[in-house]
Amino acid sequence: MGQREEYAGIPWFWSNQGDLKLQIAGLSTGFDSTVIRRDDEKQKFSVLYYKDGRIIAADCVNNPLDFMAVKKALGATQNIPAEAAADSSVALKTLTVELEKTR
């Protein structure tokens, strides 16, 4: 409508591979640390990617709750602190914190 607006969507992807459901939120390019959350009993895991202490992406296998929490946080200028996320018994959606606006 005549006004330029920056696209603010979050890249995401999913694929079913046999019994595995892979879901990816964000782009992990340039990460400097990771957190692995796993639950062997439920056969699910997630790899969370961080850059400068801020979550930038997640690869989730059979873990739609982690995927949705990361996707929502990325779209809402929120962070999920790595130290807290390392405890896989805690739901990621309960760990999101607002980031300071830099604009």
Verify same cluster id: Leu74, Phe13 (apolar side-chain graph, 4.5 Å): no
hydrophobic_cluster_shared for Val47 and Val90, side chain cutoff 4.5 Å: no
Minimum-distance pair of heavy atoms, taken over all atoms of Gly30 and Lys51: O-CD, 3.5 Å
Asn63 to Ser46 - nearest heavy-atom pair and separation: ND2-OG, 3.2 Å
Student check: side-chain heavy atoms of Phe31 and Leu48 closer than 4.5 Å: no
Which atom of Leu92 lies closest to which atom of Ala85, heavy atoms considered: CD2-CB, 3.8 Å
Between OH on residue Tyr49 and CG on residue Asp32, distance to nearest 0.5 Å: 13.0 Å
Verify same cluster id: Trp14, Ile24 (apolar side-chain graph, 4.5 Å): no
Validation row: Asp66, Phe45 side chains within 4.5 angstrom (heavy atoms): no
Close side-chain approach of Ser88 and Asp39, heavy atoms under 4.5 Å: no
Shared hydrophobic cluster for Tyr50 and Ile36 (ILVMFWY, side-chain gaps under 4.5 Å): no
Nearest non-hydrogen partners of Lys71 and Ile10, listed with the distance: O-CG1, 4.2 Å
Reported OG1-to-CD1 distance for the pair Thr94 and Ile80, which is rounded to 0.5 angstrom: 9.0 Å
Main-chain N/O of Val97 paired with Asn79 side-chain donor or acceptor, under 3.5 Å: no
Non-hydrogen atoms of Glu98 and Gln78 that approach each other most closely: OE2-NE2, 2.8 Å
ILVMFWY cluster, Leu95 and Val35 together (side-chain gap under 4.5 Å): yes
Residue of the set Lys44, Arg38, Lys42, Arg37 for which salt bridge (Lys or Arg N to Asp or Glu O under 4.0 Å) holds with Asp40: Arg38
Side-chain donor or acceptor of Asp59 paired with backbone N/O of Leu22 under 3.5 Å: no
Short side-chain to backbone donor-acceptor contact, Asn62 and Lys21, under 3.5 Å: yes
Ile56 versus Ser28, closest heavy-atom pair with distance: CD1-O, 3.9 Å
Asp19 atom CG: more than 12 heavy-atom contacts under 6.0 Å: no
